[in-house]
Structure formats: C-alpha cells, structure tokens
Colleague: 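Please find one structure pasted underneath; my questions will follow.
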There are 2 protein chains.
Amino acid sequence: MGETERALEQQLWDLVYAYDAAFDRAAQEAGLTAAQACLLTCLSQGSCTMGDLATELVCDASNITQLVGRLEARGLVTRDPDPDDRRARRVSITAAGRRQRRAIERVFTFPAERIGRLSAAEQRQLRELLAKVMAV
Amino acid sequence: MGETERALEQQLWDLVYAYDAAFDRAAQEAGLTAAQACLLTCLSQGSCTMGDLATELVCDASNITQLVGRLEARGLVTRDPDPDDRRARRVSITAAGRRQRRAIERVFTFPAERIGRLSAAEQRQLRELLAKVMAV
DNA sequence: TATTGTTATACTCTATAACTATA
DNA sequence: TATAGTTATAGAGTATAACAATA
C-alpha cells in the first residue's frame, strides 16, 4: 500500500472519529443519547411501526421496544395502535420530540462547518469523489 | 444552504454510518467489541498506563479499569506494576491480543476497498480535500 | 403457521462518587 | 494535598430466548 492510501486511511479514521464525537456531544447537549437522536430523526419524516424502526436502525426489535419506551416516558414520542394491523404499533414524534430534534440539529454544526471550509468548486469535487467511494 | 452542501452532508452521514457499521462487524467477527478493538489498537504501539488509555480513548478512568479487566481476563492484555511510579500500572498487549488485533485488521477491509475505487490522481485529490476539511 | 411486539435476562459501555495507595 | 487507579453503583444500548396477540 502506498503513502497516499495510508494517509487516506488515517484521514478517514480521524474524520469518522471526529464526526461521531461531535454527534454524541450534540445529542448529549440536547439531553439525549445518540441512539435516541437517531430514532427521533427517523420519526421526523413520519410515523413508523416498531418493525420499521428496527429495520431502519439495523437492530433487534427488542431494542426498539426499550428505546421507544424511554422516549415515550419522556413525552418525546407516542405509541398508538395501528388501525390496519392490530399486532402493530405506530410510533410518532410529539411536538416536544420535534423541539428536541431541532435542538440537536442546531447544535450539530460539525458537517456544515467542515464543508464550509471548501470552495464551491472543491465541494463539487468532493461530492463526486464521495459518490464514487460510496456507490453501491 | 445549496444543493451541493446538502448532498455532501448526506454523503458524509452515509460514509460515517457505513464505516462505523463495518468496524463494529469486523470487531465482532474477531470476538471483540469496538471499544475493546480500539483499546488493543492503542496498545499495539507499546505499553500504556491506565491514565494514558483514558486520555487516548477520551473516557473516564473507571471505564478503562473495566475494559482492561475484561481483556485481561481473556488473556489479551497484561497489567503490571509501573517500576517508576508505584501508583501506576503498565498495560501491555499479549501475543494473543496481537493475534486478535491482526484478525480485525484483516477483516476490516472497508477503508482500503473504498479508497481502492479511486485512481491515484483521485486519491491525491481526496487527500487534499480531507486535509482541508480536517485541519485543526 | 408466520409475524409483531413485549418481557425477562444478561452483557457491555459509560459515568459519578467514594475510596486506597502512593507521590 | 494531588494523582493513579479501583470499587460500587447506576443508566443506557444491545441481543437472545420465550412468549402473547394477531394475521
């Protein structure tokens, strides 16, 4: 492996590390954990079933039961019967939950700040490179 | 915020998400957690005190006590008295620990695979862009 | 019979507070 | 008095297995 590859691997590690740390901090400043913040973000697009959330967050259903339980206890989400399937539950974000989510968004300035260091041309360059790197 | 910035923010999120998932999976395939893998990586450069590890891993000392305890119980690290400061302990990776660490390295192909999708010129471009993005 | 979700349980990660031993 | 590390404890994330209700 060449010098450039090695340097890139280190840069990627550093980027991911800093990104994760910034997200954790932002969630924490809003009084949430990272997992809770992710769940609220899923719900901000519309209501989900427990199973949808498990799929989206790539974890076991029993974990969702616990996460949603904690958020429900704090009034950030609701859990209602699904009219179409009586086994299922529709989880929705509340007004208070939306406020929390916006609070995180406001504090999580890391990506915008870093991207803002690049010129418009550099941003387009990076976008193309990342598209290649992340293509399925 | 423009179209390019928005797209870049999403790409960054996706990249970090995929990277984290790949690292977790690699650690798990080697029978370790991500935190344990990071600790072994710290030690692979040489022995550390408990306090060094807490600083390096940005967490509380009591957490290191527990992490090291679990790894020591599995024979992956040792914890010896420090000859210079009798309060301190020197933590070192064992041969078995090195084998585990190498196993993770072998399985964690994500960064190399993704970087390998770019030409040498593209790699140099990305390296410069990331240097700008990650500059202190 | 298969699926949705919950409960019980257990392990890990993590932090705070109180503590011991040493500097 | 300050520092290095440990212990006790607690909350959160996560998974597995067993289960109830419904499809």
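To find a chain, count down the sequence lines: A is the first, B the second, and so on, and within it residues start at 1. Nothing here was measured: the structure is a model prediction, and the numbers come from that model.
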Colleague: What pairs with B:R117 under side chain to side chain contact (heavy atoms under 4.5 Å, CB included), at least two apart in sequence or on another chain?
Modeller: A:A135, B:E113, B:R114

Colleague: For residues 58-68 of chain A, dump all side-chain donor-acceptor pairs below 3.5 Å to protein atoms at least two apart in sequence or in another chain.
Modeller:
| from | atom 1 | to | atom 2 | distance (Å) |
| --- | --- | --- | --- | --- |
| A:D60 | OD2 | A:S62 | N | 2.9 |
| A:D60 | OD2 | A:S62 | OG | 2.7 |
| A:T65 | OG1 | A:A61 | O | 3.4 |

Colleague: Under the side chain to side chain contact (heavy atoms under 4.5 Å, CB included) rule, collect the residues that match up with A:E29, sequence neighbours excluded.
Modeller: A:R25, A:V107

Colleague: Output yes when at least one side-chain N/O atom of A:R89 is less than 4.0 Å from OP1 or OP2 of C:dT6, else no.
Modeller: yes

Colleague: What does B:R90 touch in the nucleic acid at a heavy-atom separation under 4.0 angstrom: a base, only the sugar-phosphate, or nothing?
Modeller: nothing

Colleague: Please determine if a side-chain N or O atom of A:T65 lies less than 4.0 Å away from the OP1 or OP2 oxygen of C:dT7.
Modeller: no

Colleague: Using the test side chain to side chain donor-acceptor pair (under 3.5 Å), find all partners of B:D85 that sit at least two apart in sequence or belong to another chain.
Modeller: B:R87

Colleague: What pairs of donor and acceptor atoms, side-chain ones from residues 9-23 of chain A against any protein atom, are under 3.5 angstrom apart with sequence neighbours left out?
Modeller:
| from | atom 1 | to | atom 2 | distance (Å) |
| --- | --- | --- | --- | --- |
| A:Q10 | NE2 | A:D14 | OD1 | 3.0 |
| A:Q11 | NE2 | B:R127 | O | 3.0 |

Colleague: Could you work out, with side chain to side chain contact (heavy atoms under 4.5 Å, CB included) as the rule, every residue matching B:Q125, not counting sequence neighbours?
Modeller: A:Q125, A:L129

Colleague: Would you kindly give the CZ-to-P distance between B:R74 and C:dC11, to the nearest whole Å?
Modeller: 13 Å

Colleague: Determine, for nucleotides 15-23 of chain C in 5'-to-3' order, which nucleotides have protein heavy atoms under 4.0 Å from the base (write B), from only the sugar-phosphate (write S), or from neither (write -).
Modeller: BB----BBS

Colleague: Return each pair, listed once, that meets ring-ring contact (aromatic ring centres under 6.0 Å, His included) where at least one residue sits in residues 116-136 of chain A; pairs must be two or more places apart or across chains.
Modeller: none

Colleague: Got a list of side-chain donor-acceptor pairs under 3.5 Å for residues 94-101 of chain A, not counting sequence neighbours?
Modeller:
| from | atom 1 | to | atom 2 | distance (Å) |
| --- | --- | --- | --- | --- |
| A:T94 | OG1 | A:G75 | O | 2.7 |
| A:T94 | OG1 | A:L76 | O | 3.2 |
| A:T94 | OG1 | A:A96 | N | 3.4 |
| A:T94 | OG1 | A:G97 | N | 3.0 |
| A:Q100 | NE2 | A:A30 | O | 3.1 |
| A:R101 | NH2 | A:E105 | OE2 | 2.8 |

Colleague: Scan A:L57, A:T33, A:L32, A:I93 and name whichever one has a side-chain contact (heavy atoms from CB on, under 4.5 Å) with A:L39.
Modeller: A:L57

Colleague: Heavy atoms only, 4.0 Å cut-off, all strands: where does A:L67 land among base, sugar-phosphate and nothing?
Modeller: sugar-phosphate

Colleague: Does B:R79 make a side-chain N or O approach to OP1 or OP2 of D:dG5 shorter than 4.0 Å?
Modeller: no

Colleague: For DNA chain C, determine which residues of residues 22-30 of chain B have any heavy atom closer than 4.0 angstrom to one of its atoms, and list them numerically.
Modeller: none

Colleague: Taking side chain to side chain contact (heavy atoms under 4.5 Å, CB included) as the test, write out the residues that go with A:S92, two or more places apart.
Modeller: A:S47, A:T78

Colleague: Among C:dT14, D:dG5, C:dT4, which nucleotide sits nearest the side chain of A:A88?
Modeller: C:dT4

Colleague: Given atom CG of B:D20 and atom P of D:dT14, what is their separation to the nearest angstrom?
Modeller: 12 Å

Colleague: Tell me which residues in residues 34-55 of chain B lie within less than 4.0 Å of DNA chain D, going by non-hydrogen atoms.
Modeller: B:T49, B:M50, B:G51

Colleague: Using 4.0 Å as the upper bound for N to carboxylate O, is an ion pair formed by A:R90 and A:D82?
Modeller: yes

